[in-house]
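These notes are about the structure you will find just below.
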Amino acid sequence: MNVNKVNGFTFQSDANKNVFTAFCCYKPPFEASGAAARFHWFVLGGLPPSDVTEPRDQTRIFAANVSSSSDIFSPRNKKFNFAGLCLVSPGFTGMFCEKAVELIRELHRMSDGQLPAFNEDGLRQVLQEMEALYEQNQSDVNEAKTDGRSDLIPSIKLRHCCLLRNQRCITAYLYDRLLRIRALRWEYGSVLPANVRFQLSAEELQWFGRYKKSLSCFMRSLGGAEAGGEGLDITQDMKPPKSLYIQVRCLEDHGELEIDDGTVILLKKNSQHFLPRWKCEQLIRQGVLEHVVS
Amino acid sequence: MFITDIRKDFYEVVANQRVALLVASDIDALCACKILQALFHCDQIQYTLVPVTGWQDLGTAFLEHKEQFRYFVLINCGANVDLLEMLQPDDDSIFFICDTHRPVDVVNVYNDTQIKLLIKQDDDLGVPSYDDIFRDDDDEEGDDSGNESDEGSEPSGKRRRFDEQYLVLLILSTMTELMLMFHLFHRREILFDYEQYEYHGTSAAMMFFELAWVLTKDTKDMLWWAVIGLTDQWVHDKITHMKYVTDIATMQRHVSRHNHRNEDEENSLSIDCMRISFEYDLRLTLYQHWSLYESICNSCYTSCSFKLWTLNGQKKLQEFLADMGLPLKQVRQKFNSMDMSIKENLRDVIEESSNKYGMKDIRIQTFGVHFGFKNRFLASDMVHAAAALLESAEKDESNSDNFIKALDALSRSNLERLHSGIDLAKKKLMAVQQTVASCICTNLILSQGPFLYCYLMEGTPDVKLFSKPMALTLLCKYLLKAFVHSTRNKRCRLLPLIMAAPKDVDKGTVIVVGIPPESETSDKKNFFGRAFEKAAESTSSRTLHDHFDTSIIELKSEDRSKFLDALITLLS
């Protein structure tokens with residue numbers, strides 16, 4: 001077992017299998033000793049070259065035996081199967097796929113179903129990164145084919161993994177947003193309040209409209225398939241109701257409320273009412289009424 | 001008209017309708033409201049609950065809701081005034097009034113269509129009979145038609161007979177006019193006698209509990225609320241002691257009926273179930289949630305008997321405690337942390353000693369509730385807590401906010417509300433005691449001839465608490481009791497008391513309250529309502545008779561002196 005220490009990283013290598021573990025994967029940029037430039041290190045495995053402190057050719061990625069990109073990029077996994085070391089140009093602001101992961105983190109932060117604004121900038125940056133990677137890959141593939149340079153193949157593989165990762169991240173982001181938007185229909189009803197609608201992109205709004213339509217078609221078809229069928233509003237009574245009528249208290253002046261049989265109730269602050277449950281649910285969600293349990 | 005069968009004439013009428021509940025701001029009304037709400041929940045009768053604090057509020061609430069509702073239930077408001085004239089409702093609005101204010105206005109009693117009174121026709125209502133007050137117009141018409149026919153049948157008759165007949169007619173018409181005058185005078189006298197004194201009848205909460213019982217839908221919660229409603233009437237001195245004892249006996253029957261479930265070792269009720277028990281407990285306010293010493297110092301009965309605002313009184317209190325063998329350290333602790341050995345026979349020990357010090361009625365019949373391990377409350381505790389919440393003088397809270405808080409505190413599930421109410425009640429009682437002590441010591445109570453008068457200046461500590469009617473009335477009663485105990489003037493002891501306190505500094509108004517004289521056999525009848533009205537009229541003072549109790553009014557501070565002078569001349 002060879003143990004190498006390179007600038008604070010400890011590597012253990014098994015010379016036979018060319019696979020070894022390291023105890024630290026990614027560290028924030030540090031000053032390489034003896035060099036003026038800063039490096040971002042991606043440890044992909046393999047023996048570090050002896051002249052690791054010197055600046056390398058900036059666009060070349062030196063890698064071999066990359067098992068899968070998820071092993072490399074998962075920040076939690078501190079023990080890695082490495083096959084090599086790579087240097088990236090100092091102008092590069094971070095790892096690949098970092099922007100994509102940030103999109104995911106943004107959604108993860110608002111975990112209770114809230115919808116943050118649609119991050120157009122982030123998405124655009126990720127797509128640009130993907131485009132750049134693709135361009136580089138294209139040129140390298142051509143070079144590899146024509147010039148027979150097999151040492152470019154690991155770098156092509158890496159870029160391809162990064163592209164796939166970006167794609168996965170973006171689709172996860174968009175899909176999770178769609179799931180949250182779908183939940184909005186069940187929470188707010190068919191008309192979204194203005195501040196929520198602001199968070200959706202134009203395409204998401206279109207999707208929401210189509211979802212609403214298909215849901216209402218479905219609801220209408222329930223309770224008798226013939227044309228005269230009344231349908232069933234399944235967005236009411238999400239939990240089995242304990243009683244037909246509930247006691248509610250009015251938290252603010254809301255004006256008049258009309259009930260199914262035409263009678264009108266004046267909702268004034270601090271008045272209490274005993275009303276049918278289905279009429280009150282919307283207003284309770286909006287915060288105008290408060291359910292009183294005594 | 002009075003309703004005889006409350007189930008048929010009230011409950012079944014509103015059973016499929018939507019009802020508006022207009023509830024006054026006192027604890028009895030709150031309890032009655034809770035009982036009625038529980039009944040409505042059982043039968044899914046839709047209702048809207050609107051709290052009202054005075055006649056203006058009532059009028060506004062009625063105007064807002066008259067389009068949407070046909071049936072109105074008024075709790076503790078509306079019986080002592082001509083409601084139809086005040087509200088001018090449509091012909092199809094029906095009012096069900098359950099009110100403890102007496103006397104019930106005669107128009108309300110004799111209206112058959114729109115006003116239904118949910119009041120028992122007790123013996124003490126004393127409503128004048130219909131014929132005395134309302135004159136039938138048939139007699140007059142009969143006379144007229146008789147006259148006409150006489151005239152018609154003798155168009156040109158003999159002169160003499162015509163003269164005679166003319167004389168007869170003249171005499172008859174004069175007689176009818178005289179009769180009319182007598183009748184009006186008699187009517188005015190009867191009405192004056194009837195409406196002169198204001199007092200209170202059976203608790204509204206008890207009425208609704210009876211309704212629940214008749215429907216066999218009564219629960220222990222409703223029974224407890226009925227007990228609290230009754231106790232509120234006693235705490236705020238609205239009913240006589242005899243009536244209180246009679247009503248307690250009625251409630252005791254219900255309580256034993258509910259406790260009938262056999263509790264032996266095999267099937268005992270869980271500790272969390274609600275148990276109501278009859279207690280012959282001490283008259284010390286909130287003593288189980290306070291320390292015994294504080295409670296003795298701040299309860300009206302003990303404080304007035306010992307005269308705790310004097311040094312002598314303090315010494316007597318120490319003697320009293322020493323006599324009972326209670327160490328000071330124990331007595332100043334929270335009641336729950338007192339030694340068990342002391343707590344066991346506390347009531348008997350205190351009763352024995354207080355007999356020696358002239359306090360014969362230190363114990364009073366009441367009820368207590370017990371649910372869970374920690375929660376024991378007496379009915380009077382709940383009344384004080386809810387009253388303190390209802391009239392809490394916080395700046396940002398409107399009357400309806402306080403109403404909602406107090407209503408919540410009466411439910412068993414809102415114990416933190418109740419405890420905060422108890423804390424507020426303690427502060428209120430301490431403020432009352434200090435104000436009483438300072439008023440007596442600085443001789444702020446002046447005898448004006450026919451009554452005693454006391455004015456609370458603006459800088460008095462806690463004067464904001466006393467801008468509310470119930471708190472001021474409580475202060476008034478305590479002050480009168482203390483005065484009666486402390487004065488040597490025998491004549492002054494029989495006088496009623498009028499008290500004024502600043503209500504709204506911006507508008508420059510004061511709130512004026514009058515209470516009847518203090519005596520053992522007082523029948524709690526208050527004549528100040530009419531007196532205030534007359535005095536205000538005669539001096540054209542700017543007054544607002546907004547409260548449901550006519551003996552509580554709001555007055556502009558500039559008109560205070562002339563109003564008082566008018567009262568003095570009126571009552572002497």
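Numbered from 1 within each chain, the chains take letters A, B, ... in sequence-line order. Hydrogens, waters and symmetry mates play no part in the numbers below; they use all other heavy atoms, side chains included.
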Point to revise | Heavy-atom proximity to chain A below 4.5 Å, by part of I45(B) | key: backbone
Review point. Highest number of heavy-atom pairs under 4.5 Å with chain A: which of S398(B), S400(B), P51(B)?
Key: S400(B)
Exercise for review: Indicate the atoms forming the closest heavy-atom contact of D401(B) with N270(A), along with that distance.
Suggested key: OD1-ND2, 2.6 Å
Review point. Which residue pairs satisfy the side-chain hydrogen bond (donor to acceptor under 3.5 Å, both in side chains) criterion with at least one member in residues 16-26 of chain B, sequence neighbours excluded?
Key: T263(A)-R18(B), D26(B)-N76(B)
Review point. Would you say K212(A) has more than 12 foreign heavy atoms packed within less than 6.0 Å of its NZ?
Key: yes
Review point. Looking at SG of C250(A) and CD1 of I404(B), how far apart are the two atoms once the value is rounded to the nearest 0.5 Å?
Key: 10.0 Å
Point to revise | Least distance between heavy atoms, H273(A) atom then T48(B) atom | key: ND1-OG1, 3.0 Å
Review point. Can you find a pair of side-chain heavy atoms, one from L244(A) and one from Q44(B), that are under 4.5 Å apart?
Key: yes
**Study point:** Largest heavy-atom contact set with chain A, pairs under 4.5 Å, which of D408(B), V50(B), L410(B)
**Key:** D408(B)
**Study point:** Smallest separation among heavy atoms of F40(B) and F274(A), with atom names
**Key:** O-CE2, 3.7 Å
Review point. Once you round to the nearest 0.5 Å, how far does NE2 of H65(B) lie from CG of L266(A)?
Key: 5.0 Å
Revision key, fill the gap. dist F69(B):CZ -> I265(A):CD1 (nearest 0.5 Å) comes out at 5.5 Å
Practice item. Using non-hydrogen atoms and a 4.5 Å limit, figure out which bit of E67(B) sits close to chain A: side chain, backbone, both or neither. Key: neither
**Study point:** Interatomic spacing from CG in L21(B) to CD in Q272(A) - rounded to 0.5 Å
**Key:** 10.0 Å
Check your understanding: Given a strict heavy-atom distance threshold of 4.5 Å, which part of D221(B) is in contact with chain A: side chain, backbone, both, or neither?
Key -> neither
Review point. Is W213(B) atom CH2 crowded by more than 12 heavy atoms from other residues, nucleotides or ligands, each under 6.0 Å away?
Key: no
Review point. Under a 4.5 Å heavy-atom cut-off, does chain B meet the side chain of I259(A), its backbone, both or neither?
Key: side chain
Review point. Does atom NZ of K268(A) have more than 12 heavy-atom neighbours, drawn from other residues, nucleotides or ligands, at distances under 6.0 Å?
Key: no
Point to revise | Qualifying residues under side-chain contact (heavy atoms from CB on, under 4.5 Å), relative to P193(A), sequence neighbours excluded | key: Y188(A), N195(A), V196(A)
